[in-house]
**Student:** 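I'd like to ask some things about the structure below.
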Amino acid sequence: MYNEIMEFKTIKENGRVEEEIKKSRFICHVKRVETEEEARDFINSIKKEHYKATHNCSAFILGEKSEIKRTSDDGEPSGTAGIPMLGVLESHQLTNLCVVVTRYFGGIKLGAGGLIRAYAGSVALAVKEIGLVEIKEQVGLRLQLSYSQYQEYANFLKSENLMEFDTEFTDSVATTIFVNKEDQNRIEEGLIEFFNGKVQLSNQVIRQVEVPIIS
């Protein structure tokens with residue numbers, strides 16, 4: 001048996017994206033986080049780094065079902081920063097990340113609507129430029145093959161676009177492939193058919209992989 005891995009969508013990597021809107025600087029800082037403590041530590045580190053900024057507004061989502069959500073307007077009019085920022089994360093169905101938008105006021109007031117567009121737009125721009133990934137679970141399947149079977153095995157791997165790992169050669173051949181959890185039954189049935197039912201299969205540990213999301 002193996003422990004289940006959480007599957008979700010999040011940012012490709014930590015980063016920051018800056019833009020200017022009506023002479024104000026908006027800097028969106030994005031970080032993957034796994035706990036509320038980690039998110040708050042990140043927010044505090046940005047506030048410390050940009051202590052001269054007018055505002056450091058934030059939003060974060062945590063959990064497999066995005067059950068933990070927090071926002072802060074950090075002095076901006078209520079509802080004009082944190083909630084719009086969170087809305088962008090929700091619209092992309094993202095979790096386990098924290099965003100902080102730092103604003104250096106440039107002298108031109110934006111109004112409530114302008115602030116909402118600016119803060120949401122800053123996060124949307126960062127998501128677009130940094131990119132997204134899907135964290136997926138892959139199951140390891142261990143195969144026990146004869147040498148004659150192994151000679152044909154490459155054809156199956158090629159047809160399914162799979163790679164072999166940890167191959168061992170003794171009196172037979174033992175090798176491992178990793179498949180997406182949702183593909184496991186289909187691949188197992190395909191292997192059984194390919195080898196006419198004469199193949200030994202066993203589940204191995206699972207691993208977590210990151211699959212880029214192409215927008």
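On a predicted model such as this, the values are computed, not experimentally measured, just so you know.
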**Student:** Does the side chain of Arg142 reach to within under 4.5 Å of the side chain of Asp166, using non-hydrogen atoms?
**Tutor:** yes
**Student:** Is the cationic atom of Arg103 (NZ for Lys, CZ for Arg) positioned less than 6.0 Å from the six-membered ring centroid of Phe26 and within 45 degrees of its normal?
**Tutor:** no
**Student:** Other residues, nucleotides and ligands only: do more than 12 of their heavy atoms fall within 6.0 Å of CD on Glu193?
**Tutor:** no
**Student:** Salt bridge or not between Glu90 and Lys69? Use side-chain N to carboxylate O under 4.0 Å.
**Tutor:** yes
**Student:** Where the side chain of Ser172 meets the backbone of Gln144, is there a donor-acceptor pair that is under 3.5 Å apart?
**Tutor:** no
**Student:** Determine the minimum heavy-atom distance between Cys28 and Val30, stating which atoms define it.
**Tutor:** SG-CG2, 3.8 Å
**Student:** Tell me if a side-chain donor or acceptor on Glu137 pairs with a main-chain N or O of Lys181 at a distance below 3.5 Å.
**Tutor:** no
**Student:** Would you kindly say whether Glu164 and Tyr153 are connected by a side-chain donor-acceptor distance under 3.5 Å?
**Tutor:** no
**Student:** CD1 of Ile130 to CD1 of Ile11: how many Å apart, nearest 0.5 Å?
**Tutor:** 5.5 Å
**Student:** With side chains defined as the heavy atoms from C-beta onward, is the minimum distance between Thr102 and His29 less than 4.5 Å?
**Tutor:** yes
**Student:** Answer yes or no: is there a donor N or O on one side and an acceptor on the other, between the side chain of Lys9 and the main chain of His92, under 3.5 Å?
**Tutor:** yes
**Student:** Is Arg186 close to Glu160 at the side-chain level, that is, under 4.5 Å between some pair of heavy atoms?
**Tutor:** yes
**Student:** Hey, does the side chain of Ser122 reach the backbone of Tyr119 with a donor-acceptor pair shorter than 3.5 angstrom?
**Tutor:** no
**Student:** Mind checking whether Tyr150 and Phe169 have ring centres under 6.0 Å apart?
**Tutor:** yes
**Student:** Backbone N or O of Arg32 within a donor-acceptor pair of the Asn14 side chain at under 3.5 Å?
**Tutor:** yes
**Student:** Is there a donor-acceptor contact under 3.5 Å from the side chain of Ser24 to the main chain of Gly106?
**Tutor:** yes
